[in-house]
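As structure tokens, the structure follows; a few thoughts come after it.
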Amino acid sequence: MVSKVRKAVFPAAGLGTRFLPATKAMPKEMLPLVDKPLIQYGVEEAMDSGLSNILIITGRGKTAIEDHFDVSFELKDLLERKGKTDLLRQVRNVSDMIDVSYVRQKEALGLGHAVLRAKELVGHEAFAVVLSDDVIDAETPCLRQLLDIHEFFGATVVALMEVPKEQISAYGVVDGEPVDHHGAKNRLYRIRSMVEKPKVEDAPSNLAIIGRYVLVPEIFQSLESIEPGAGGEIQLTDGLKHLLRNRPVYGYRFEGKRFDAGDKLGFLQATVEFALRRPDLGGPFRDYLRGLKQP
Ligand code: G1P
């Protein structure tokens with residue numbers, strides 16, 4: 001029996017250079033999609049997937065994230081006095097619903113390095129990793145889909161998505177062998193190898209790793225033994241490749257729609273789609289979009 005995964009690690013120490021100048025003084029994780037910061041979508045996905053322990057790896061200039069998940073007495077007081085119960089509930093939900101811890105990554109030395117910072121707090125148990133600029137809209141939360149595979153095989157699972165060839169170099173890319181699982185074909189792969197940010201001509205497939213992982217604790221030893229890779233950084237993909245030497249790693253082509261909200265275009269697409277779906281905004285926003293003239 002595989003024990004239940006409880007912890008979700010959120011690397012959030014990156015510099016957010018793809019979103020400058022907005023991210024010069026504000027963490028990219030706090031960019032709002034409609035009215036919720038990116039990281040909150042990830043945290044809610046983790047909670048909806050049954051994970052209650054959130055561990056955020058922060059860096060310099062990231063205190064807004066800690067404040068966001070903390071209780072704001074002034075705000076609570078103001079909303080209470082004004083009788084804004086709906087807003088009060090939303091604000092309280094964020095701080096009440098989760099148990100968050102923070103670890104500092106002093107230098108941004110890569111995703112693998114960030115995950116390694118979680119070693120002491122995670123201990124010897126499997127855990128999830130969520131990259132909050134990958135926002136995934138899915139009926140069953142993406143992380144839940146990966147956890148189901150993990151609970152079945154007791155192994156590491158990464159989220160996969162097919163991406164167009166010309167974009168493949170922005171991702172970790174896998175070479176995998178399809179595995180039939182509960183009748184679903186071409187969703188689950190047993191990974192043979194993987195490479196971080198390959199050149200188009202070197203990419204082993206069009207299956208890219210998306211920012212959701214369920215990792216076994218042995219990943220920490222792997223991350224400790226690898227050298228810096230693409231971009232001179234300690235890459236999680238390289239750690240996983242090292243882990244593959246003696247542990248199986250699965251990839252799951254999840255059901256749902258992913259937005260690259262760390263990219264300006266992806267962020268705009270997510271904003272429009274999420275706003276259109278909102279009961280309070282969807283109607284008037286749709287009317288507004290319809291009324292726009294083609295420039
Ligand atoms: C990271 C990972 C990469 C993965 C990507 C998904 O890259 O290193 O393997 O494909 O997230 O979003 P980054 O986007 O931080 O460059």
Practice item. Check the pair Ile209, Leu160 against side chain to side chain contact (heavy atoms under 4.5 Å, CB included), reporting the backbone distance first and the verdict last. Key: CA-CA 5 Å; Ile209 301 174; Leu160 296 178; 4.2 Å; yes

Please report the shortest heavy-atom distance between [X] and [Y], naming the atom on each side.
X	Y	answer
Pro217	Ala126	CD-N, 3.8 Å
Thr23	Gly16	OG1-O, 2.7 Å
Val9	Ala118	CG2-CB, 3.8 Å
Arg104	Gly59	NH1-O, 3.6 Å
Phe254	Ala159	CD2-CB, 3.8 Å

Residues, nucleotides or ligands: over 12 heavy atoms within 6.0 Å of [X] [atom1]:
X	atom1	result
Lys84	NZ	no
Lys241	NZ	no
Arg277	CZ	yes
Glu166	CD	yes
Glu227	CD	no

Notebook entry, point to check: Should Tyr250 and Phe153 be marked as a ring-ring contact (aromatic ring centres under 6.0 Å, His included) after you check the CA-CA gap, both sets of side-chain angles, and the distance that decides it?
Noted result: CA-CA 9 Å; Tyr250 290 89; Phe153 292 97; 4.4 Å; yes

Taking a hydrophobic cluster as the set of Ile, Leu, Val, Met, Phe, Trp and Tyr residues connected by side-chain heavy atoms closer than 4.5 Å, whether directly or through intermediates, do [X] and [Y] fall within one such cluster?
X	Y	value
Phe267	Met26	yes
Leu147	Val43	yes
Leu31	Leu15	no
Val130	Ile136	yes
Tyr288	Leu276	yes

Check this for me: does any side-chain nitrogen of one of [X] and [Y] sit under 4.0 Å from a carboxylate oxygen of the other?
X	Y	value
Arg247	Glu218	yes
Glu151	Arg144	yes
Lys28	Asp133	yes

Taking C-beta and beyond as the side chain, do [X] and [Y] meet within less than 4.5 Å on heavy atoms?
X	Y	result
Phe259	Leu33	no
Lys62	Pro27	yes
Arg278	Phe285	no
Val174	Ser193	no
Met194	Leu240	yes
Ile191	Val158	yes
Pro248	Arg190	yes
Leu223	Val115	yes

Backbone of [Y] reached by a side-chain donor or acceptor of [X] within 3.5 Å:
X	Y	answer
Arg253	Asn186	yes
Asn53	Lys7	no
Gln145	Thr140	yes
His113	Ile234	no

Nearest 0.5 Å, what's the [atom1]-[atom2] distance between [X] and [Y]?
X	Y	atom1	atom2	answer
Asp238	Glu196	CG	CD	7.0 Å
Ile149	Tyr252	CD1	OH	5.0 Å
Ile57	Gln105	CD1	CD	7.5 Å
Ile56	His68	CD1	NE2	9.0 Å
Met47	Ser52	CE	OG	8.5 Å
Tyr189	Leu207	OH	CG	5.0 Å

Is there a salt bridge (charged side-chain N to carboxylate O under 4.0 Å, His left out) between Arg18 and Asp260? Walk through the geometry before answering. CA-CA 11 Å; Arg18 286 195 294 163; Asp260 181 4; 3.1 Å; yes

Centres of the Phe220 and Phe127 rings: under 6.0 Å?
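Between Phe127 and Phe220, which both carry aromatic rings, the centre distance is below 6.0 Å.
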
**Message:** If we count only N and O atoms by modelled type, under 3.5 Å, do the side chains of Gln269 and Glu273 hold a donor and an acceptor together?
**Reply:** no

Exactly one candidate in Ile219, Leu244, Leu215 meets side chain to side chain contact (heavy atoms under 4.5 Å, CB included) with Thr156; the answer is Leu215

**Item:** Intermediate values then yes/no, side chain to side chain contact (heavy atoms under 4.5 Å, CB included), Leu243 and Val249
**Value:** CA-CA 8 Å; Leu243 184 73; Val249 176; 4.1 Å; yes

Check the pair Val122, Lys119 against side chain to side chain contact (heavy atoms under 4.5 Å, CB included), reporting the backbone distance first and the verdict last.
CA-CA 5 Å; Val122 165; Lys119 185 180 170 189; over 6 Å; no

**Message:** Taking the cut-offs as 6.0 angstrom to the six-membered ring centre and 45 degrees off its axis, would you call Lys36 and Tyr41 a cation-pi pair?
**Reply:** yes

*asked:* What verdict does the salt bridge (charged side-chain N to carboxylate O under 4.0 Å, His left out) test give for Asp137 and Lys257, after you've listed the backbone C-alpha separation in whole Å, the side-chain angles of each residue and the deciding distance to 0.1 Å?
replied: CA-CA 5 Å; Asp137 184 43; Lys257 184 164 184 181; over 6 Å; no

Exercise for the section: Could you walk me through whether Lys197 and Tyr171 pass the side chain to side chain contact (heavy atoms under 4.5 Å, CB included) test, one step at a time? Expected result: CA-CA 5 Å; Lys197 300 195 171 56; Tyr171 295 92; over 6 Å; no

